[in-house]
Q: 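Below you will find the structure I want to go over with you.
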Amino acid sequence: MSPAPIRLVAAPSTGEHQASTSTGVSVPTAPRSFAEEVGASLRERPRRLPAHALYDALGSSLFDAICHLPWYPITRAETTLLRQHGRSILEAAGRHPRVVELGPGNGEKLATLLHDVEARERPVDVHLVDVSATALDVASARLRRLPGLAIRTHVARYEVGLRDVVATRQPGETLLVAFLGSNIGNFDPPEAAALLADIRRVMQRGDTLLIGADLVKPTAQLQLAYDDPLGVTAAFNSNLLVRLNRELGGDFDLERFAHDARWNPAAQRMEMHLVSLALQRVHLPGAGLTIDFQAGETIWTESSYKYEPAQFVETLWNAGFVPAGSWRDDEAGFLLTLAAAR
């Protein structure tokens with residue numbers, strides 16, 4: 001459960017025109033609009049919605065609240081590990097790192113990592129990339145309270161923002177890409193492998209990737225994290241229908257859909273769905289859709305894949321990285337890894 005933009009694209013895919021850039025990343029020349037993306041996703045079977053659509057202004061605020069829930073330990077575990085090992089991480093990143101965080105959330109984790117950079121002889125160039133302008137405003141406001149940082153924000157999907165950051169890289173700068181909060185879990189294994197390989201492609205040898213991964217743990221613990229007793233995660237999920245009503249003229253009745261979080265052990269992932277509680281017809285004129293839902297039919301809104309530690313190391317290695325440091329919170333079931341481009 002974390003912000004999940006479209007993955008970086010390394011090569012043209014069927015039916016989508018691509019344009020190459022000097023950074024080695026290929027990007028769509030004509031990206032689909034929100035309405036087109038929603039329409040295409042809801043026509044799939046099973047019906048889906050893009051996970052990044054969860055993060056409008058209210059969705060971002062609700063996710064921030066989720067991170068403070070006692071049943072969702074990822075943020076606390078990662079923040080503690082960053083606090084304990086931040087100095088070693090920054091030393092490994094090089095003397096003049098350019099730091100880019102993909103999906104910074106409220107900025108708390110990066111602030112923890114960078115809290116003592118004032119000792120450096122020049123400001124650290126920090127770039128924040130997110131599809132949510134609200135999240136970027138909150139994160140940049142937090143980080144600007146720290147000395148020794150030059151903050152720039154990119155309201156963009158990961159592939160666009162990272163391309164822009166690399167295009168203005170200065171000679172002598174090393175690159176530290178932070179991909180925290182278990183964001184990698186929002187991509188299925190082939191997409192995660194492709195994303196990591198594409199991040200590696202824009203890096204130089206010796207650049208580093210700081211990445212968090214949520215680990216496989218008991219089902220009961222996962223269920224509480226994704227279906228909390230206070231109903232905050234349910235509100236986060238249902239807010240997606242509020243957004244569709246507001247932005248695309250939909251007539252979803254929130255009382256006729258329910259939040260459903262389920263562990264899929266075969267796929268090693270948590271899934272979030274919105275379940276239709278009755279036979280019903282929904283109109284979504286902004287996406288050119290009229291949908292007849294059966295009772296029990298679901299809209300799949302997010303996946304969050306969990307890793308075994310050795311499995312994650314192998315994933316990084318196959319993408320062109322070698323682990324340079326690894327720290328684990330056993331109680332929370334969370335792994336923080338610093339990986340160097342090899």
Side-chain angles (χ1 to χ4, degrees), residues 1-4 63-64 66-68 72-94 97 99-117 124 126 128-130 139 142-143 158 174-187 189 192-193 195-196 199-200 203 206-217 221-222 225 268-270 304-342:
M1 186 194 311
S2 46
F63 180 73
D64 189 29
I66 289 169
C67 291
H68 290 86
Y72 191 79
I74 291 176
T75 302
R76 291 187 299 281
E78 191 170 40
T79 300
T80 298
L81 293 173
L82 289 169
R83 185 178 298 113
Q84 292 173 342
H85 305 286
R87 186 175 295 274
S88 298
I89 291 168
L90 290 176
E91 288 175 355
V99 180
V100 52
E101 184 172 13
L102 307 177
N106 64 9
E108 180 180 4
K109 294 183 291 293
L110 195 60
T112 301
L113 176 65
L114 301 176
H115 73 280
D116 62 350
V117 298
V124 174
V126 177
L128 308 177
V129 181
D130 203 294
R142 181 187 293 269
L143 288 163
Y158 293 168
T174 55
L175 187 68
L176 171 61
V177 177
F179 196 40
L180 302 172
S182 194
N183 274 349
I184 191 66
N186 287 123
F187 299 86
L195 181 146
L196 291 171
I199 291 175
R200 171 62 185 91
M203 287 178 155
D207 289 343
T208 48
L209 170 69
L210 182 64
I211 185 166
D214 202 19
L215 302 177
V216 174
K217 62 199 72 174
Q221 188 176 346
L222 288 166
Q268 222 169 276
R269 70 185 177 220
M270 283 297 298
S304 185
Y305 287 82
K306 311 303 176 185
Y307 288 87
E308 298 288 357
Q311 176 187 29
F312 193 62
V313 170
E314 182 180 8
T315 299
L316 290 171
W317 178 266
N318 290 339
F321 293 96
V322 57
S326 184
W327 306 274
R328 179 173 171 176
D329 186 314
D330 289 323
E331 183 177 355
F334 186 82
L335 184 69
L336 180 67
T337 301
L338 181 68
R342 59 180 175 87

Q: When rounded to the nearest 0.5 angstrom, what is the spacing between OG1 in Thr112 and CZ in Arg142?
A: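 Here the rounded value is 8.0 Å.
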Q: Can you tell which of Val99, Leu110, Leu113 makes a side-chain contact (heavy atoms from CB on, under 4.5 Å) with Leu210?
A: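 For Leu210, the side-chain contact (heavy atoms from CB on, under 4.5 Å) test succeeds with only one of Val99, Leu110, Leu113, which is Leu113.
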Q: Any idea which heavy atoms bring Arg328 and Pro309 closest together, and the distance?
A: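 Residues Arg328 and Pro309, closest heavy atoms: NH1-CG, 3.4 Å.
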Q: Please confirm whether the backbone N or O of Glu314 pairs with a side-chain atom of Asn318, one donor and one acceptor, at under 3.5 Å?
A: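 Checked: pair present.
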Q: Find out whether Pro73 and Glu331 are in side-chain contact, i.e. whether some heavy atom of one side chain is under 4.5 Å from a heavy atom of the other.
A: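 Not touching, per the 4.5 Å side-chain cut-off.
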Q: Would you please name every residue forming a side-chain contact (heavy atoms from CB on, under 4.5 Å) with Asp64, sequence neighbours left out?
A: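 So Asp64 forms a side-chain contact (heavy atoms from CB on, under 4.5 Å) with His68, Asn106.
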Q: For the residue pair Ala332 and Ala77, what are the closest heavy atoms and their distance?
A: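 Shortest heavy-atom contact: CB-CB, 3.6 Å.
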Q: About how many Å separate OG of Ser182 and CG of Leu215, when rounded to the nearest 0.5 Å?
A: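 Spacing of CG (Leu215) from OG (Ser182) equals 8.5 Å.
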Q: Determine, stepwise, if the pair Leu209 / Met203 fulfils side chain to side chain contact (heavy atoms under 4.5 Å, CB included).
A: CA-CA 9 Å; Leu209 170 69; Met203 287 178 155; 4.1 Å; yes
Q: Can a donor-acceptor pair be found, under 3.5 Å and without considering hydrogens, that links the side chain of Asp130 to the backbone of Leu102?
A: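 Here the side-chain-to-backbone pair does not exist.
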Q: Are Leu180 and Leu336 packed together at the side-chain level, in the sense that at least one heavy-atom pair is separated by less than 4.5 angstrom?
A: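 The answer is yes; the side chains approach within 4.5 Å.
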Q: Would you confirm whether Lys306, through its side chain, and Met270, through its main-chain N or O, come within 3.5 Å as a donor-acceptor pair?
A: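 Answer holds: no.
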Q: For residues Ile184 and Gly212, report the shortest heavy-atom separation together with the two atoms involved.
A: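 Taking Ile184 first and Gly212 second, the nearest heavy atoms are CG2-O, 3.6 Å.
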Q: Tell me the closest heavy-atom pair linking Phe187 and Ala192, and the distance in Å.
A: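 What the structure gives for the nearest pair is CB-N, 3.7 Å.
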Q: About how many Å separate CD of Glu101 and CG of Asn183, when rounded to the nearest 0.5 Å?
A: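 That separation rounds to 8.0 Å.
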Q: Is there a side chain to side chain contact (heavy atoms under 4.5 Å, CB included) between Leu175 and Thr208 once you walk through the steps?
A: CA-CA 6 Å; Leu175 187 68; Thr208 48; over 6 Å; no
Q: Could you state the interatomic distance from CD1 (Ile199) to CG (Asp207), rounded to the nearest 0.5 Å?
A: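 Ile199 CD1 to Asp207 CG: 12.0 Å, rounded to 0.5 Å.
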Q: What's the separation between atom CG in Leu338 and atom CZ in Phe321, rounded to the nearest 0.5 Å?
A: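 Between Leu338 CG and Phe321 CZ, I get 10.5 Å after rounding to 0.5 Å.
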Q: Any idea which heavy atoms bring Ala213 and Phe334 closest together, and the distance?
A: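 It is O-CD1, 3.6 Å.
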Q: How would you list, by chain and number, every residue that makes a side-chain contact (heavy atoms from CB on, under 4.5 Å) with Ser326, sequence neighbours excluded?
A: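 So Ser326 forms a side-chain contact (heavy atoms from CB on, under 4.5 Å) with Leu335, Thr337.
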Q: How many angstroms lie between atom NZ of Lys109 and atom OG1 of Thr75, to the nearest 0.5 angstrom?
A: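 Those atoms lie 5.0 Å apart.
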Q: I'd like to know whether Asn186 forms a side chain to side chain donor-acceptor pair (under 3.5 Å) with Tyr305, so could you lay out the CA-CA distance, the side-chain angles of the two residues, the decisive distance to 0.1 Å, and finally the verdict.
A: CA-CA 6 Å; Asn186 287 123; Tyr305 287 82; over 6 Å; no
Q: Checking Arg342 side chain against Trp317 main chain: does a donor-acceptor pair fall under 3.5 Å?
A: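 Such a contact is found between Arg342 side chain and Trp317 backbone.
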Q: With side chain to side chain contact (heavy atoms under 4.5 Å, CB included) as the criterion, how do Leu143 and Leu128 come out once you've worked through the C-alpha distance, each side chain's angles and the decisive distance to 0.1 Å?
A: CA-CA 10 Å; Leu143 288 163; Leu128 308 177; 3.8 Å; yes
Q: Assess the side chains of Glu308 and Gln268: does a donor N or O sit below 3.5 Å from an acceptor N or O?
A: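 No pair is found: no donor N or O on one side chain lies under 3.5 Å from an acceptor on the other.
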Q: Between Ala341 and Arg200, which heavy-atom pair has the shortest distance, and what is it?
A: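 Closest pair (atom of Ala341, atom of Arg200, distance): CB-NE, 3.3 Å.
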Q: Tell me which pairs pass side-chain hydrogen bond (donor to acceptor under 3.5 Å, both in side chains) where either residue lies in residues 76-86, with sequence neighbours left out.
A: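 Listed once each, the pairs are His85-Trp327.
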